[in-house]
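As structure tokens, the structure follows; a few thoughts come after it.
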Amino acid sequence: MRQLIIVGSGPAGYTAAIYAARANLSPLLIASSVTAGGELMNTTDVENYPGFPDGVQGPELMDLFQKQAERFGTEVVLDDVVKFELEGDVKRVTLGSGAVEEALAVIYATGSAYRKLGIEGEDRLSGHGVSWCATCDGFFFREKVIAVVGGGDSAMEEATFLTKFASKVYVIHRSDSFRASEIMLDRAKENPKIEFLTNKVVERIDGDELVSHIVLRDTVDGTESTLDLNGLFIAVGSDPRVHLVHGQLALTEHGTIAVDGRTSRTNIPGVFAAGDVLDPTYRQAVTAAGSGTVAALDAEHYLASLPREVVAKAAESASVPA
């Protein structure tokens, strides 16, 4: 049994691990077997994270997070959690490998997942022209015509990045006003390869083995039109990954994990939340990192409140090789 398990390997999870490890909590951090590192692994230039005046690549930043956490004694496991048992003094976390890890405290920092459009052809053509990750798949669309769906910063960043490969990039948005920051929107509008199609929604994605075209509906007059494409990138937001704790952790009206005020404390003693999984508003790497700090400090205080012999036994168990 361990003192602390951290689930999630984005800025929140790794920052929590850094603080917890420096507090001698010997945390186990469970990172996904597929998406370790969180959404920043799919980001190119990160220009707004403090300490990097010239910017930094997302994967490079997350690699630095991991190395810093491991430097202080965090154990990182690349596996997926399939079950949580959070009630009671001892928390149990079952992994895809079948292993069951136990701890006195858990920090839940699983982040968010890309949101789908929910339209015909989306799932069928996923990986065959439909993508949610420009940095993963942009290379495959050299000199192709593609489109990005969305109106926020992510959509503008995806579109701008894709102009490095594509001959033409459409930005499709359901209205003529955008959620994107002014600097990101202006950058996209100034790019000669990008054309904006506003007041449009994608009704259907067509193609046999690969995307060939999409059907658009005008949100003003309802008319439909066809747009020939080689690829469609979807950037319409994300949803918190909370499916594994439904029925255990209380949720807010936004579907995020409910916490006590500005703390990370959930409705179950010894279970803490951090990052995008509790944040429906800001969803930035730096706010997630700050949230991870809060969770680690809250977990440390919780463990300090437990009987000394219980914590000592957990610490001793974590130090014994399996």
Item checked: Asp276 and Ser238: CA distance, side-chain angles, deciding distance, side chain to side chain contact (heavy atoms under 4.5 Å, CB included) verdict -> CA-CA 10 Å; Asp276 286 2; Ser238 55; 5.6 Å; no
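Listed for the Asn230 side chain is a donor-acceptor partner under 3.5 Å among the backbone atoms of Val145.
Counting non-hydrogen atoms of other residues, nucleotides and ligands closer than 6.0 Å to CZ of Phe178 gives a total above 12. Atom CG of Leu78 has more than 12 neighbouring heavy atoms from other residues, nucleotides or ligands inside a 6.0 Å radius. The number of heavy atoms from other shown groups lying within 6.0 Å of CZ (Arg71) does not exceed 12. Residue-environment remark: CG (Asp221) exceeds the threshold of 12 foreign heavy atoms within 6.0 Å. Summarising the local packing, NZ of Lys144 is surrounded by 12 or fewer heavy atoms from other residues, nucleotides or ligands at distances under 6.0 Å. When the shell of 6.0 Å around NE2 of His246 is examined, it contains more than 12 heavy atoms from other residues, nucleotides or ligands. Applying the 6.0 Å contact sphere to CZ of Arg308 captures no more than 12 heavy atoms from other residues, nucleotides or ligands.
Between Arg174 and Thr219, the shortest heavy-atom distance links the atoms O-OG1, 3.1 Å. Nearest heavy atom pair, residue Asp79 against residue Ile30, reads O-CG2, 3.5 Å. In plain terms, the two heavy atoms of Val236 and Val149 that are nearest each other are CG1-O, 3.6 Å. Closest approach of Ser154 to Ala235, counting heavy atoms only: C-CB, 4.2 Å. In terms of heavy atoms, Ala147 sits closest to Leu229 at CB-CD1, 3.6 Å. Summarising the geometry of Ala20 relative to Pro27, their closest heavy-atom pair is CB-CG, 4.0 Å, with the distance given to 0.1 Å.
Note: Phe165 and Phe161 have perpendicular aromatic rings, judged against thresholds of 30 and 60 degrees for the angle between ring planes. Ring orientation note: the planes of Phe65 and Tyr14 are tilted relative to one another, at an angle of 30° to 60°.
Taking the side chain as every heavy atom from C-beta outward, Phe141 and Leu162 never approach each other to under 4.5 Å. In this structure, Ile257 and Pro240 have side chains that are not in contact, with every pair of non-hydrogen atoms separated by 4.5 Å or more. The shortest side-chain heavy-atom distance between Val169 and Val148 falls under the 4.5 Å cut-off. You'll find the side chain of Pro11 reaches within 4.5 Å of the side chain of Met62, heavy atoms only. At least one side-chain heavy atom of Leu197 sits under 4.5 Å from a side-chain heavy atom of Leu227.
Ionic pairing of Glu224 and Arg217 is not present here: no N-O contact between side-chain nitrogen and carboxylate oxygen is shorter than 4.0 angstrom.
For the residue pair Ser181 and Asp153, a side-chain donor N or O sits within less than 3.5 Å of a side-chain acceptor on the partner.
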